[in-house]
Amino acid sequence: MASKIEFVEFVVDQLRDAGTITYRKMFGEYGLYCDGKIFAVICDDQFYIKITDAGREICPALEEAPPYAGAKNYFRVDDVENREMMTKLTAATCAQLPAPKPKKSKKKGERMAFDFKKEYKEFYLPKNKPELITVPPMHFIAVRGKGDPNEEGGAYKQAIGLLYGIAFTIKMSKNGDHRMEGYFDFVVPPLEGLWWQEGVEGVDYSRKADFEWISMIRLPEFVTQDEFNWAIAEASAKKKSDFSKVEFLCYDEGLCVQCMHIGPYDDEPATVKAMDAFAAAEGVAADLGGGRRHHEIYLSDVRKCRPESLKTVIRHPVKY
């Protein structure tokens with residue numbers, strides 16, 4: 001008997017405080033992921049979580065059983081209504097599970113570069129209708145600035161050059177003498193931006209000159225502050241440029257409404273309006289300000305893509 005989607009969604013909601021919980025259909029049943037790690041399965045409307053020492057310490061009475069014939073044992077959890085226990089068990093279990101490994105290519109021994117857009121679709125490829133999502137803390141290469149992003153040769157265009165200079169210095173470190181602990185090859189993630197205007201709630205697209213922004217690119221988890229400092233020094237020496245404006249930024253976004261916007265940037269207000277209506281229906285309110293900002297992720301190259309086909313993830317922080 002296949003599991004009911006209603007039960008799957010109930011379990012996902014119960015675990016929302018443990019991280020970003022997503023699910024995928026697997027052989028007619030469901031696999032559950034927390035921040036990209038598969039940690040549990042649901043079979044026949046029964047929740048099974050991977051066995052770890054941390055999980056056993058939290059719930060020593062849990063029985064072990066295979067979720068389906070021929071499978072290895074998991075902890076079988078019957079009390080899925082106990083949100084506090086489920087959250088603690090999931091968080092502790094996932095803390096002991098290894099991070100997802102880069103996938104191997106078909107060529108023997110060669111690994112494919114890790115692509116954040118493919119591995120974390122919940123953050124980079126949402127549907128073109130609003131949804132709630134909890135975004136965990138992430139590290140970024142970041143540059144702060146002010147002014148119209150369309151100004152030719154302006155601060156925003158200069159910031160983008162600085163960001164990619166550091167991103168590719170880190171990516172291509174594999175070809176040099178410097179070795180970063182835990183390094184894996186990766187596709188440079190898409191450009192992102194946080195936007196606001198002094199004295200304006202949300203964003204007024206007619207006043208681009210008043211924009212304040214943080215332009216940023218996500219960093220792989222292996223990049224520490226020390227490795228970031230090395231990349232700044234390395235890029236400065238090799239490119240003979242000033243990278244002093246670039247910073248190592250940790251951004252903890254939390255609960256948000258997000259949506260895929262398709263079309264010109266100036267048409268974004270219609271998508272934002274739909275997001276606001278969705279948020280109201282879900283019982284949450286916009287929480288812009290205090291460091292929580294209008295967030296855009298740019299999935300299209302404006303030099304190669306027609307304006308009506310541009311894809312941009314729009315994300316707004318919200319609160320209950």
One thing to verify: whether D78 and R76 come together as a salt bridge, which I'm taking to mean a side-chain N less than 4.0 angstrom from a carboxylate O. yes
Donor-acceptor check, side chain of E253 to backbone of R292, threshold 3.5 angstrom: yes or no? no
Hey, would you say the H295 and H316 ring centroids sit under 6.0 Å apart? no
Which heavy atom in P149 sits nearest to a heavy atom in K157, and how many Å separate them? O-CE, 3.4 Å
Residues D53, R56: salt bridge by 4.0 Å N-O rule: yes
Rounded at 0.5 Å granularity, tell me how far CE in M260 sits from NZ in K127. 12.0 Å
Between D226 and T224, does any side-chain donor sit less than 3.5 Å from a side-chain acceptor? no
Has K171 got more than 12 heavy atoms of other residues, nucleotides or ligands less than 6.0 Å from its NZ? yes
Quick one: closest heavy-atom pair of C94 and K37, and the distance? O-NZ, 2.8 Å
Distance (rounded to the nearest 0.5 Å) between T312 OG1 and E192 CD: 11.5 Å
Taking atom NZ of K174 as the centre, report whether more than 12 heavy atoms of other residues, nucleotides or ligands fall under 6.0 Å from it. yes
More than 12 heavy atoms of other residues, nucleotides or ligands under 6.0 Å from NZ of K208: is that the case? yes
Can you tell whether the side chains of R144 and E247 come within less than 4.0 Å, N to carboxylate O? yes
Are the side chain of T87 and the backbone N or O of R83 linked by a donor-acceptor pair below 3.5 Å? yes
Residues which pass side-chain hydrogen bond (donor to acceptor under 3.5 Å, both in side chains) with E81, listed by chain and number, not counting sequence neighbours: none
If only side-chain N and O atoms count, and only distance matters, is there a donor-acceptor pair under 3.5 Å linking H178 with E234? no
Main-chain N/O of V80 paired to Q14 side chain as donor or acceptor, under 3.5 Å: yes
Distance, nearest 0.5 Å, that separates NZ of K311 from OG of S300: 7.0 Å
Verify, without hydrogens or angle tests, whether R16 (side chain) and I21 (backbone) share a donor-acceptor contact under 3.5 angstrom. no
For E57, give me all partners under side-chain hydrogen bond (donor to acceptor under 3.5 Å, both in side chains), at least two apart in sequence or on another chain. none
Can you name the residues that form a side-chain hydrogen bond (donor to acceptor under 3.5 Å, both in side chains) with D177, not counting sequence neighbours? none
Quick check on K319: does its NZ atom have over 12 non-hydrogen neighbours (other residues, nucleotides or ligands) under 6.0 Å away? no
With sequence neighbours excluded, tell me which residues meet side chain to side chain contact (heavy atoms under 4.5 Å, CB included) with T134. L255
Is Q46 close to F7 at the side-chain level, that is, under 4.5 Å between some pair of heavy atoms? no
Flag yes if more than 12 heavy atoms outside E201 fall under 6.0 Å of its CD atom; otherwise flag no. no
For Q96 and A54, work out which heavy atoms get closest and say how close. OE1-N, 3.1 Å
Determine which pairs satisfy ring pair (Phe, Tyr, Trp, His ring centres under 6.0 Å) with at least one residue from residues 255-292, sequence neighbours left out, and list them in order. Y265-Y298
Output for pair (L15 CG, F10 CZ), nearest 0.5 Å, gives 9.5 Å
Is there a donor-acceptor pair closer than 3.5 Å between any side-chain N or O of R315 and the backbone N or O of F123? yes
As an exercise, state the distance from CG of L32 to CZ of F39, rounded to the nearest 0.5 Å. 4.5 Å
Ignoring hydrogens and geometry beyond distance, is a side-chain donor-acceptor pair present between E268 and Y205 at under 3.5 Å? yes
Matching residue for F228 among F140, F248, F222 - test: ring-ring contact (aromatic ring centres under 6.0 Å, His included): F248
Spacing of CH2 belonging to W195 relative to CG belonging to D204, to within rounding of 0.5 Å: 13.5 Å
Which pairs would a plain distance check flag for residues 210-218, meaning a side-chain donor or acceptor within less than 3.5 Å of a matching protein atom at least two apart in sequence or in another chain?
{"residue": "D210", "atom": "OD2", "partner": "R207", "partner atom": "NE", "Å": "2.8"}
{"residue": "D210", "atom": "OD2", "partner": "R207", "partner atom": "NH2", "Å": "3.1"}
{"residue": "W213", "atom": "NE1", "partner": "G147", "partner atom": "O", "Å": "3.3"}
{"residue": "R218", "atom": "NH1", "partner": "Y124", "partner atom": "OH", "Å": "3.2"}
{"residue": "R218", "atom": "NH2", "partner": "E221", "partner atom": "OE2", "Å": "3.4"}

Taking 4.0 angstrom as the limit, do K4 and E6 come out as a salt bridge? no
For G176, is there any backbone N or O sitting under 3.5 Å from a side-chain donor or acceptor partner on R179? yes
